[in-house]
Amino acid sequence: MLLRFSRPSLLYSRTFCTGNPSSDSKLFVAGLSWAVDERSLKDAFSFFGDVTEVRIMYDKNSGRSRGFGFVSFSRTDEARSAKDAMDGKAFMGRPLKISFALEKSRDAPVVVPRLSTSGDSNS
DNA sequence: CTTGAGCGG
């Protein structure tokens, strides 16, 4: 009686952006210099803990770094420590901007709310 | 040979 707005079949993706960083172990590192690579970031962030994922986004056209990347830690404490330690600090001449990454993944094709999934489902 | 806020595949 209370849930009048409950849809029978809402097709959401497994990972959707709720607006808050659900990945407390994933860090969004921006403000990187264009000379910084993944190995340098991994080496720099491996000091704070065990880095499980280091991904620097490169340009698809020129092939150079976009200036931001992602660093994932094996523990949330390490990620929080690294963020608290390296965020706002300068890395390779440029001030680093670190924040908790959003759950962006290739398996997340944006939320697709099927409001009409009742019976009629033709491709 | 370039640029500088940001959230990727």
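Computed from a prediction, not measured in an experiment: that's the story for all the values here. Per chain, numbering begins at 1; letters A, B, ... match sequence-line order.
No donor-acceptor pair under 3.5 Å is formed between the side chain of K83(A) and the backbone N or O of F100(A). Between the side chain of K89(A) and the backbone N or O of D87(A), at least one donor-acceptor pair lies under 3.5 Å. Using modelled atom types, one side-chain atom of T52(A) and one backbone atom of S72(A) make a donor-acceptor pair closer than 3.5 Å.
For the segment residues 46-63 of chain A, the set of residues with a heavy atom within less than 4.0 Å of an atom of DNA chain B comprises R55(A), M57(A), in numerical order.
Proximity of I98(A) to F45(A): side-chain heavy atoms (C-beta onward) are separated by under 4.5 Å at one or more points.
S46(A) and D43(A) share no donor-acceptor pair across their side chains, judged by distance under 3.5 Å alone.
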Got a list of protein N/O to nucleotides 3-6 of chain B N/O distances below 3.5 Å?
from, atom 1, to, atom 2, distance (Å)
dG4(B), N1, L32(A), O, 2.6
dG4(B), N2, L32(A), O, 2.9
dG4(B), N2, G67(A), O, 3.1
dG6(B), N7, K97(A), NZ, 3.4
dG6(B), O6, G67(A), O, 3.0
dG6(B), N1, R66(A), O, 2.9
dG6(B), N2, R66(A), O, 3.3

Inset, instruction - Give the C-alpha distance, both sets of side-chain angles, the deciding distance and a yes or no for side-chain contact (heavy atoms from CB on, under 4.5 Å) between L32(A) and F91(A). - result: CA-CA 7 Å; L32(A) 294 175; F91(A) 188 66; 4.1 Å; yes

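The aromatic rings of F70(A) and F68(A) sit perpendicular to each other, their planes meeting at more than 60°, with 30° as the lower class boundary.
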